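Remember, it's 1-based here, ligands and their atoms both numbered in the order they're listed. If you're wondering where the values come from, they're calculated on a predicted model, not measured in any experiment.
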Amino acid sequence: MGKLREIDDITVCESTAEMLRKARAEGVETPFDRADAMSPCPIGAQNACCKHCAMGPCRLSSKAPYEKVGVCGATIDTFQARGFARMVAAGTAAHSDHGREMSELFLTVATGENPDFEIKEPAKLVSFATDMGVETEGRSERDVAVDLAHACLAQFTQQHGHLKLFERAPRKRFEKWQEAGVLSRGVDREVVEMMHRTHMGVDQDYRNLTLGAARCALADGWGGAMISTELSDILFGVPRPVRAEIDLGVLKKDEVNIIVHGHEPQLLDLMCRLAEDPEMLARAKAVGAAGINLVGMCCSGNEQLIRRGIPHAGNFMQCDPAIVTGAVDAMMVDVQCIQQGLSKMARCYHTKFITTNYRCKIEGAEHIEFHGDHGAREAGVKLITAGIDNFPNRNPDKIQIPAHKQWMIGGFSHETINYMLGGSFRGSYTPLNENIINGRIRGVAGVVGCNNPRVKHDWVHIELVKELLKNDVLVVQTGCSAIAMAKAGFATPEAARTYCGPGLAEVCEAVGMPPVLHAGACVDNSRILVALSEMVKAGGLGDDISDLPVAGAAPEYMSEKAIAIGHYFVASGVFTVFGVNVPHVEGTKWAEYLFDGIEKDLGGKWAVEPDPHKMAKLMIDHINRKREALGIQEKRERKLFDMEARRELKV
Ligand code: MSK
C-alpha cells in the first residue's frame with residue numbers, strides 16, 4: 001500500500017476520524033486507504049480515452065488533444081462528449097429506475113392489493129394527480145390513485161410528446177427547451193436513445209451529444225426523480241420540519257443497532273414500524289438488548305429523517321466507519337451508493353451485511369429479498385430478526401461508539417418552504433422573493449451531492465456553505481451534503497446567528513428557520529426544480545429560472561447520478577459548479593461548450609472548481625450578475641468575514 005494520508009487530512013468529521021484511527025489500529029482497510037493506494041487513471045480523469053469498440057481502446061494526448069484521432073477518426077471532443085453523455089444516461093437510469101419502483105409500489109397500494117403501505121397524504125394525491133392530468137373532481141380516492149399510478153408508469157414508456165411535469169416549469173423555460181429540441185419524450189426512451197447515440201459510429205458531434213444528454217438528464221429531474229419524490233410524499237408523508245439526531249453517536253451500546261443504507265424509502269418505512277412492534281421488542285429483550293435502535297444512513301436515512309425524524313448515522317463516507325464501531329448488528333442495503341468493500345468490512349467485525357434487492361446483490365453478503373409490492377412485512381420481520389439474533393455475537397473488546405451526535409431540523413419540502421415563508425393564509429414564495437429583491441437575501445444556492453474519499457471528507461461542503469451564508473446566500477440541501485452540514489451544526493435555527501451575514505440572519509431569525517434547509521435525499525433535488533419554478537411564478541425575479549439569482553454545487557460528488565443531476569440543473573437554466581473533477585481536457589471545444597457555450601442554448605452552464613472558497617466566489621459572482629441583470633443590485637461586494645467583522649455584525 002502507498003503512503004497513507006494523516007487522519008486529520010482525510011476528514012473534518014470527528015467521529016469519522018475516531019473510527020479511522022480505530023480501523024488503522026486494528027489493521028482494517030477503509031476506502032480512504034484504497035484511495036491513497038490507487039492514483040486516479042490520468043487518461044480517464046480527462047475523458048481522453050474511448051473503449052466504445054474493439055478497434056481500440058484508443059487514447060489521445062491531453063497535451064496535444066487535436067494531434068491525433070481514434071482509429072475510427074473520432075476526435076477528442078467526441079470522446080469527451082460520449083463519455084459524459086453515458087454518465088448522464090447511467091445517472092438518469094438510476095433515479096428513474098427508483099421512480100419506476102415507486103410507481104409500481106404505488107399501483108399495488110392504489111388497487112388495495114398491498115396491506116403493508118397506505119396513502120398517507122390524500123391532499124397531495126389530489127394535487128399531484130391534477131398536475132399529471134388525472135381527473136379528480138367527484139372521484140373516489142382509489143380511482144384517482146389507480147389512474148395516477150398508470151399515468152406515472154406511462155411517463156417511463158411514453159414515446160412521443162413531452163413529459164407531463166415539464167408543464168410545472170415557467171412558460172419561458174418550456175419554450176427554451178422546445179427551441180433547443182430537448183423536451184424529453186419518455187424516460188426510458190431518452191436513456192435508450194443516449195446509449196444508442198453514444199455507440200460506435202453514431203452521434204459524433206459534441207454539441208449534439210451534449211444537448212442529447214440534456215434531453216436525457218431532463219427526463220431524470222422532471223421525470224423519473226420528480227415522480228419518485230411526489231409518490232414517496234403521498235405514501236410516506238410530505239416532509240415537514242422535524243427534529244432528529246445525526247452522526248455515529250446515535251448508535252447505542254445496549255440496544256440492537258440496525259442501519260438501513262441505500263435509497264428507496266419503502267424498506268426503512270416498514271422497518272421503522274417493525275422496530276416498535278411488541279413482538280420484535282420482546283425478541284430483542286430476550287437476547288439481552290434494551291431495545292431496537294433503527295438508524296438511517298445516506299439517502300435511505302434522509303428519506304425517513306425528513307419524514308419521521310429517525311436518527312441518522314452519517315453520509316456516504318461514514319458507512320465503513322459505522323461498522324468499525326463494532327456495534328452495528330446489521331447493515332441492510334437496497335440500491336445505489338453501496339460500496340462492495342462494505343461486505344469485507346462487515347466480516348472484520350460481527351456485523352451482518354444484508355442485501356435486500358434483486359437488483360443489488362454483493363458477493364459475500366447475505367441476501368434476504370424484500371419487495372415493497374408483495375410480502376413486505378414477512379421480509380421485514382426476517383430482516384429485523386437477523387439483526388436481533390446477531391446482537392449476542394458482539395465482541396465487547398471491539399466496541400467503541402463515538403460520543404458525537406448533533407441535533408438538527410430537517411424536512412424542508414417545497415410545500416414547507418411555501419408555508420413557512422408565506423404563512424397559513426397565503427402560502428407563497430412572494431416573501432422569499434421580496435427578501436431577495438430588498439437584498440436581505442442575496443440569492444439561493446442548492447448545495448448537494450456525495451462525499452468522495454479523494455477530497456477531505458465534509459470539509460469542502462462546510463467551507464463552501466460557510467462562505468455562502470456569510471454572504472447572505474440561503475442554502476437548500478439534499479443528499480450527503482445535507483448530512484455533512486447537519487453534523488456540523490448548521491441545520492439548527494441558532495446557526496443563523498453564528499454563520500450568516502446580517503440580512504440572511506435577520507430573515508432566518510424572523511421565521512425561526514435554519515440557514516441550511518435539508519430537503520431530502522439525492523432523488524429529491526426535483527424539489528429544488530419545483531421551488532425555482534415557484535420563485536419565477538411568484539414574480540419580481542424575471543420570467544425564467546435562468547433569470548433567478550441562484551446557483552448550484554456538488555462539492556464532493558462521486559456518482560454518475562450527480563452528473564445527471566448537474567446536467568438537468570444546467571439544462572434547467574442554473575449555473576452549477578462541481579468539485580473534485582468533471583473529466584475533461586482543458587481548452588477543447590467540448591470543454592468550452594460545457595463551461596460556456598451551452599449557456600446560450602439552455603441558460604445554465606457547468607463549472608469545475610475543487611477549492612471551496614473559489615467555488616463560493618464563482619457562485620456569488622454569478623448571483624451578483626443575475627441581480628444586476630434584474631436591476632436589484634446596488635453593487636453589493638462579496639464580503640469575506642474575519643472574526644473582527646463578525647463581532648461588528650451585532651447579530
Ligand atoms: S447517497 S448519490 S453518495 S448524495 Fe444519495 Fe450520497 Fe451521492 Fe449517494
With side-chain hydrogen bond (donor to acceptor under 3.5 Å, both in side chains) as the test, would you mind laying out the steps for Arg454 and Asn452 before giving the verdict?
CA-CA 5 Å; Arg454 300 234 171 255; Asn452 186 321; 5.2 Å; no

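Each of Gln340, Arg347, Gln339 was evaluated against Ser343; a single residue qualifies, Arg347, per the side chain to side chain donor-acceptor pair (under 3.5 Å) test. The one candidate from Trp606, Phe84, Phe595, Phe578 that meets the ring pair (Phe, Tyr, Trp, His ring centres under 6.0 Å) condition with His584 is Phe595.
Cys299 lies close to atom 5 (Fe) of ligand 1, since one of its N, O or S atoms is found at a distance under 2.8 Å. Note on Cys337: not counted as a metal contact of atom 5 (Fe) of ligand 1, no N/O/S atom lying under 2.8 Å.
Taking every non-hydrogen atom of Ser559 and a distance limit under 4.0 Å, the qualifying atoms of ligand 1 come out as 2 (S). For ligand 1, the atoms closer than 4.0 angstrom to any heavy atom of His263 are 1 (S), 5 (Fe), 8 (Fe). Numbered from 1 in the order shown, with element, the atoms of ligand 1 that lie under 4.0 Å from a heavy atom of Cys522 read 2 (S), 5 (Fe).
Ligand 1 does not have Ala521 within reach: every non-hydrogen atom of the residue lies 4.0 Å or more from it. Residue contacts with ligand 1: Met558 is included, with a non-hydrogen atom under 4.0 Å away. Ligand 1 lies nowhere less than 4.0 angstrom from a heavy atom belonging to Ala562.
Judged by distance alone, the side chains of Ser15 and Asp247 do bring a donor and an acceptor atom under 3.5 Å apart. Residues Asn257 and Asp329 bring no donor and acceptor atom of their side chains to less than 3.5 Å of each other. No side-chain donor from either of Ser533 and Arg168 sits under 3.5 Å from a side-chain acceptor of the other.
Taking the ring axis of Phe117 as reference, the NZ or CZ atom of Arg273 stays within 45° of it and closer than 6.0 Å to the ring centre.
Among protein heavy atoms, the minimum distance from atom 3 (S) of ligand 1 is reached at Cys450 CB, 3.4 Å. Of the protein's heavy atoms, Cys480 SG, 2.3 Å lies nearest to atom 6 (Fe) of ligand 1.
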